[in-house]
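The structure appears right after this line, and notes come after that.
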Amino acid sequence: MTTGTIMQAPTDNAPSPAPHKASGLRSATRWWPAAVLLLLFAAPYSTLPLPGLLDGPLGSAGSLQLLALCLVFGALATGYDLLLGRTGLLSFGHALWFATGLYATDIAMLELDLPLFPAALLGVAFAVLLAALLGAVSLRVTGIGFSMVTLAFAQAGSILVQRNPGGLTGGEEGRSAPADRLPGALVGIENTANLYWIALGYLVLTLAVVHWAVNSPTGRVWEGIRENERRVQVLGLRPHGFKLVAFVLAAALAAVGGVVYLLLSGGATPQAATSDFTLSLLVMVVLGGSGTRWGPLLGGVLYTWADHRLGDLSGSATVQGLPAVLRVPLSQPLFLLGAIFVAVVYLLPGGAVRLPARIRETRSARRTGGTAP
């Protein structure tokens with residue numbers, strides 16, 4: 001044995017510190033959702049200005065209102081993905097459950113003189129019962145037939161809201177929430193922070209329920225139905241019952257979202273019952289990444305923020321000073337939103353949630369001298 005061999009042996013047998021560092025990094029990044037939640041909870045106490053992102057400081061009433069809407073629609077998209085991304089059900093009628101929770105709660109307060117909490121329970125319960133009934137009928141067909149049946153039910157609900165039967169829905173003008181039936185801590189611009197925290201609580205509730213459901217035995221059956229429903233039948237399971245559970249659970253989460261939206265908007269409007277609302281949820285899910293844990297949430301937040309902020313950009317002096325060939329399309333918020341959506345779908349087929357992985361793949365390809373997939 002040579003001296004060089006003796007000197008080399010300890011080096012060969014010494015453990016590499018790289019795995020320990022990687023393990024420590026994974027342990028640290030595992031807690032990032034809790035850190036984000038803590039930052040979101042503390043947002044009302046912040047005076048941090050975010051020019052371009054928000055109109056005023058982070059803790060101002062206007063900024064908190066926009067952030068609360070982003071959280072609500074992020075949660076709605078997450079609940080909708082239980083059908084689209086987790087079970088493979090393309091529903092065009094998800095707005096019906098949101099509108100049911102919204103209108104049923106408002107009507108219960110206005111017509112039955114119920115306080116907020118009992119009215120909200122009644123509204124959500126009514127939405128769940130309606131979803132169980134209509135879902136049992138809709139799920140008798142599959143594929144595009146299911147989509148068309150849910151669309152038909154949603155359109156019937158939208159027409160019913162606009163026709164204003166018995167003066168209950170307010171027709172095209174909608175109905176405002178009665179301030180005297182709401183807790184004082186939820187009324188007035190000075191209490192916007194409380195509404196924001198309710199929206200944050202709704203988001204946490206939705207994420208927890210979806211995470212629990214997806215990782216349950218039922219969630220694994222949903223995955224099997226999405227991949228191959230016939231194989232699930234061969235295993236002796238009845239897909240209809242499992243799909244109905246997903247349908248009703250997604251409807252319940254949407255109905256709770258309708259109650260939260262009632263508090264944020266101060267009333268019920270017929271736009272919440274239209275098919276355009278469901279299409280917006282579909283765009284949010286695809287934009288963020290369908291079938292992923294954080295993708296629908298990210299898509300809902302980005303879409304809602306862009307929907308509110310691109311109007312300011314399109315009317316800015318910079319855009320208005322451009323030549324007509326650029327000014328005309330850029331002055332349309334929907335054009336800008338559509339262009340962003342097309343760009344994300346084309347550049348990130350898995351949704352915006354795929355961006356970090358895409359960056360890692362590009363860096364890895366550059367280090368190895370290859371090209372990114």
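Note: hydrogens, waters and symmetry copies are ignored here, and every other heavy atom, side chains too, is used.
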Within a radius of less than 6.0 Å around [atom1] of [X], do more than 12 heavy atoms belonging to other residues, nucleotides or ligands occur?
X	atom1	result
Phe341	CZ	yes
Ile189	CD1	no
Gln233	CD	yes

Please report the shortest heavy-atom distance between [X] and [Y], naming the atom on each side.
X	Y	result
Leu64	Gly59	CD1-O, 3.5 Å
Leu151	Ser275	CD1-CB, 3.9 Å
Met109	Ala119	CG-CB, 3.5 Å
Thr105	Gly101	OG1-O, 2.7 Å
Ser158	Ala273	CB-O, 3.4 Å
His94	Ala251	CE1-N, 4.2 Å

Establish whether [X] and [Y] are linked, either directly or via other cluster members, by ILVMFWY side-chain heavy-atom contacts under 4.5 Å.
X	Y	answer
Phe242	Leu139	no
Val137	Val245	no
Val286	Val342	no
Ile225	Val214	yes
Val259	Leu262	yes

Do [X] and [Y] come within less than 4.5 Å of each other through their side chains, counting heavy atoms only?
X	Y	result
Leu76	Tyr202	yes
Pro183	Leu116	yes
Leu84	Leu282	yes
Arg309	Asp55	yes
Tyr196	Leu264	no
Leu58	Thr47	no
Trp222	Pro217	no
Met284	Leu297	no

Which distance, rounded to the nearest 0.5 Å, do you find between the [atom1] of [X] and the [atom2] of [Y]?
X	Y	atom1	atom2	answer
Leu263	Leu102	CG	CG	10.0 Å
Leu69	Ser265	CG	OG	8.5 Å
Ile107	Thr169	CD1	OG1	6.5 Å
Thr304	Leu71	OG1	CG	9.5 Å
Phe247	Leu134	CZ	CG	7.0 Å
Leu90	Ser290	CG	OG	10.0 Å

Looking at [Y], is its backbone amide N or carbonyl O close enough to the side chain of [X] to form a donor-acceptor pair, meaning the two atoms are under 3.5 Å apart?
X	Y	answer
Asp106	Gly267	no
Thr78	Pro296	no
Arg293	His211	no
Arg86	Thr292	yes
Thr87	Leu82	yes
Arg231	Gly224	no
Ser63	Pro57	yes
Thr206	Gly79	no
Asn194	Leu186	no
Ser280	Asp276	yes

* Asked: Does a salt bridge link Arg163 with Glu172, judged by any charged N lying under 4.0 Å from a carboxylate O?
  -> no

Kindly determine whether Leu110 and Leu168 satisfy side chain to side chain contact (heavy atoms under 4.5 Å, CB included), including the steps that lead there.
CA-CA 9 Å; Leu110 288 169; Leu168 294 176; over 6 Å; no

Going through the checks in order, is the side chain to side chain contact (heavy atoms under 4.5 Å, CB included) test met by Thr142 and Lys243? CA-CA 11 Å; Thr142 59; Lys243 291 191 290 187; 3.9 Å; yes

**OP:** Go through the steps to decide whether Val221 and Leu237 satisfy the test side chain to side chain contact (heavy atoms under 4.5 Å, CB included), and finish with yes or no.
**Re:** CA-CA 9 Å; Val221 177; Leu237 300 175; 4.1 Å; yes

| task | Measure from the ring center of Phe41 to the ring center of Trp197 and say whether it is less than 6.0 Å. | result | yes

### Query
Is the ring centre of Tyr80 less than 6.0 Å from the ring centre of Trp97?
no

Kindly indicate, with the supporting measurements, whether the criterion salt bridge (charged side-chain N to carboxylate O under 4.0 Å, His left out) is fulfilled by Glu361 and Arg366.
-> CA-CA 9 Å; Glu361 291 169 1; Arg366 288 177 179 176; over 6 Å; no

Here the ring pair (Phe, Tyr, Trp, His ring centres under 6.0 Å) pairs for residues 277-303, sequence neighbours left out, are Trp32-Trp294, Phe73-Phe277, Phe98-Phe277

For a side chain to side chain contact (heavy atoms under 4.5 Å, CB included) check, start with the C-alpha distance between Leu302 and Leu298, then their side-chain angles and the critical distance, and finish with the verdict. CA-CA 6 Å; Leu302 290 177; Leu298 178 61; 3.9 Å; yes

